[in-house]
Amino acid sequence: MNDTSPAGAPAAARYDARSAEPRWQAAWEARGAFAVPDVPPPDARKYYVLEMFPYPSGKIHMGHVRNYTLGDVVARYKRARGHLVLHPMGWDAFGLPAENAARERGVHPAKWTYENIAAMRAELKRMGLSLDWSREFATCDPEYYGQQQRLFLDFWRAGLVERKESWVNWDPVDGTVLANEQVIDGRGWRSGAPVEKRQLSQWFLSITKYAPELLDALGTLDRWPERVKLMQANWIGRSEGARVRFALTEPVRDIREVEVFTTRPDTLFGMSFLAVAPEHPLAAAVAERNAGAAGFIAECRRMGTSEAAIEQAEKRGFDTGLRVAHPFVEGAGFPVWIANFVLMEYGTGAIFGCPSEDQRDLDFARKYGLRVLPVVLPTGADPAAHSIGDTAFTGDGTIFNSGFLDGLSTGDAKRAAIKALEERGAGDGVVNWRLRDWGVSRQRYWGCPIPVIHCEACGAQPVPANQLPVKLPDDVDFSRPGNPLDHHPTWKHVDCPSCGEPARRETDTCDTFVDSSWYFARFCSPRAAAPVTREAVDAWLPVDQYIGGIEHAILHLLYSRFFTRAMMATGHASVAEPFAGLFTQGMVTHESYRGADGRWLYPEEVERAAEGGAALHRETREPVTVGRVEAMSKSKRNTVDPGAIIERYGADTARWFILSDNPPERDMEWTESGVAGAHRFTQRLYRLVVGAVPGLPPPGTGAADATGAARRLRQAAHRSIAAVTEALETFAFNSAVARIHELANAIGDTEAAAADRGMASARREALEIATRLVAPMMPHLAEELWAMLRPGEAALVAELPWLEADPALLATETVTLAVQVLGKLRATIEVPAGADEATILAQAEAEENVRRAIDGRPVRKRIHVPGRVVNFVV
RNA sequence: GCCCGCCUGAUGGAAUGGUAGACAUAGCGGACUUAAAAUCCGCAGCCCGCAAGGGCGUGGGGGUUCGAGUCCCCCGGCGGGCACCA
């Protein structure tokens, strides 16, 4: 910014964040203001604040700035409230982008990652976060992932690790396993080749063993957003239903029956077909002798493994020609289809289709001309007239067309059907879970090696503890496709720890979600020679306030909840729930711009006359099309570099704008005018203090007996303490900002009367209050102001306790009541705080406007809500 | 497709079921200045009216209530997640 002071003006006329911020950061660091011990002293009230650690992509982005600002406000506030605050930072450093960089630019993933970390650490430090940097680590440090390997082996011994087959996206041209995001419209992102599903033997963590507990314990998480708990509950997906066995009329190979899971056994009589997933063993058996089936299955394989892609694809099926018997209907045979919308991972991988009461089944039946027999009659409907068109009836009602179930409610019919199935040996009532075990194997280099050795004779063997960590080899070749660990010349060749014969190292590495499933525990004792130090995790866990993006609402948080339980089962922790409080922030968005040639433009390339006004290219002066406001992304170039913002305005301005713009759980829009406005406020506060200091009395004198305007200023200041405190407690940071604006306005209004003695004392008090209320949000500015208000004082604002409002100054003498007639506002009245109801009602009814609205009609009811409203019903 | 959210002036938003629009941004008018920036003061939901006042108004439609931005139902738009992006 080119806001140079006019020549001759005192240098202090403007706040220079660029020189002040590093100065205060150095002061905090010199005093070790934010460092805490691994094991807090027994009398300490601990508080663990954690923000989701960043992936080291190279530069911090506004989402990080928002996340870490929110956490820092909480950390600084809780520290002021007398807590010993653990507030660490680290790096989620394994993952695909490092490998992509290696393949595209020939940089080693480790070099790329550690250089990115160094750059991002420097940027974070400039934000003035109250972090204990001595605890920093990266998940790609062998000290970290080595401990993770110990955990993995402990879990294995505890029966929480399994080896199973599962499906992956395979790029047949690149010869590589693809992540879902690398599959675009069913093709590999680099090769463009149609993707195939392939079955691999992989490592799984047995999260399903904890499914009931993970579901039930959601009820104890009272400081989690309801929607996150709902999403997790749906994801875990407990459902009660029946497993039904359908006998094939003639066996295929050795398969004699098909087992189906259904939540709607009440609709069994409405069945018109049975469908199995393309990966179902029956489908494979049919394909052996039926080329059409084999072709259909091959087509389904090209859909990839993403559930979204599968469910959005057009529903298609293949009639196998097989038939199954119905458990309740003598002699009826129903066709068996292979269908692309049946998921092998859910239930038994097979369904029975009742088109009348299920929309997907109905769409399928209409497409292939299968029977649609209604079996649930909506309450009050005429059985003769009820028919199904294009919409299935999925609600409750009375069963009909269903033999022995006729006349029962859907609920009773479910129970009756299950009972009948059990009697006939054709099925059972069961509880089914949607949650699947966690496949952690990745066929990639840049991850934590899974510490296993495969031996022909002994099978899979754990790597002995004295050989941990299993380190990644440095000399890897990214010029070939596939997993560099797999085609490394020597790395995988080891001797079996059990029999000593030549064996093969596991070349799969861990899903990076494993790395982030226990980092919060590691932060408690980051240099421990074991995964954790028990005294440290027992003292610090759970995290009291966890803050991060809503995009992690399910997977990361659920995996962490599972991991903590697994750590408890293996003696590494004493709590089951890692995060007592959770706050999910919204994204940072920005307008997007396109130039005349259709290319995306960066915000700094665009000049706007005014908000909503015409936009021009800063250099070419060509018109610019202003696009939608959307999440900042490199591809749309609608990003703002936090480094540049901090360089220009200072960290406090960026922090203040981020906090002031909107509620933190919502998406915020980054606007240039908004930052400029935030920056103006930093200058305004500074000016208020600089201007006032020469006329202020010494600290702590004469405010108590203030009267008139001075007392009103004191009331405003103390009400600000109460309001800002309340706002900080509830994450209403934008409201806290508004209240501080109001206080600054109130102080500004008293400038003319500053010479008055009582007022001068009140102004000192109000300025000190404003300074300390602003401190969690703009910590550097607060220190600067405090140093001017209290020169020579030893303590920094960062070390001061939080303020308490004087209750005497919070009380109000009169209240304003809204007076309504039939719910419409007609007047407001001013009444003394303790006035009795009869007086208030009389005063309200006497109001000119109220009398006119009542218009002589009899008043049927008088409603008085104390302190709020009076309503006359006529 | 399925699960979960969100929608209030020009803009971001405020509002224990009780005065809708606090606070801020942009805008307009004024003061200061040779001028600009900065700063300070004032105006401001929409419509009718000189005013007093009245009508309408929180994505659309319906409902519950003395009273609905807030609770319920339906619809629309936008966003997050869908198990190998992190």
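All values below were derived from every heavy atom in this structure, side-chain atoms included, with hydrogens, water molecules and symmetry-related copies excluded. Letters A, B, ... are given to chains in the order of the sequence lines, protein chains preceding strands, and every chain is numbered from 1. Nothing here was measured: the structure is a model prediction, and the numbers come from that model.
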Practice prompt. Would you confirm whether the ring centroid of Phe204(A) sits within less than 6.0 angstrom of the ring centroid of Trp438(A)?
Written response: no
Worksheet item: Which value, in whole Å, describes the distance between the P atoms of nucleotides U33(B) and A26(B)?
Response: 25 Å
Worksheet item: What distance, rounded to whole Å, do you find between the two P atoms, one in G17(B) and one in C7(B)?
Response: 15 Å
Worksheet, complete the sentence: Residues in residues 865-874 of chain A with a heavy atom under 4.0 Å of RNA chain B, by number, are Val865(A), Arg868(A), Val869(A), Asn871(A), Val873(A)
Practice prompt. Choose from C56(B), G53(B), A86(B) the nucleotide whose nearest atom is closest to any side-chain atom of Lys824(A).
Written response: C56(B)
Discussion item. Quick check: any donor-acceptor pair below 3.5 Å linking the side-chain of Arg739(A) to the base of A22(B)?
Written reply: yes
Practice prompt. Between U8(B) and C23(B), how far apart are the C1' atoms? Round to whole Å, please.
Written response: 15 Å
Item to complete: Give the rounded distance in Å between these two atoms: CD of Gln202(A) and P of C84(B).
Response: 9 Å
Discussion item. I'd like the P distance from G53(B) over to G5(B), given in whole Å.
Written reply: 44 Å
Worksheet item: Does the base of C84(B) carry an N or O that pairs as donor and acceptor with the side chain of Glu181(A) under 3.5 Å?
Response: no
Discussion item. On RNA chain B, does the nearest nucleotide to Asp749(A) precede the nearest nucleotide to Arg826(A) from the 5' side, or the other way round? Give the residue.
Written reply: Asp749(A)
Fill in: Residues which pass side-chain contact (heavy atoms from CB on, under 4.5 Å) with Ala233(A), listed by chain and number, not counting sequence neighbours
Leu215(A), Leu218(A)
Worksheet item: Taking the nucleotide of RNA chain B with the closest heavy atom to each, which residue, Asp437(A) or Ala732(A), is nearer the 5' end?
Response: Ala732(A)
Worksheet item: With syn defined as a glycosidic torsion within 90 degrees of 0 and anti otherwise, which applies to G53(B)?
Response: anti
Worksheet entry | Distance, C1' atom - from G1(B) to C56(B), rounded to whole angstrom | 41 Å
Worksheet item: Rounded to the Å, how far apart are Arg190(A) CZ and C84(B) P?
Response: 19 Å
Worksheet entry | Six-ring centre of Trp235(A), Arg434(A) cation under 6.0 angstrom, axis tolerance 45° | yes
Fill in: Nucleotide nearest Arg444(A) (side chain, heavy atoms from C-beta), chosen from C84(B), A83(B), A86(B)
C84(B)
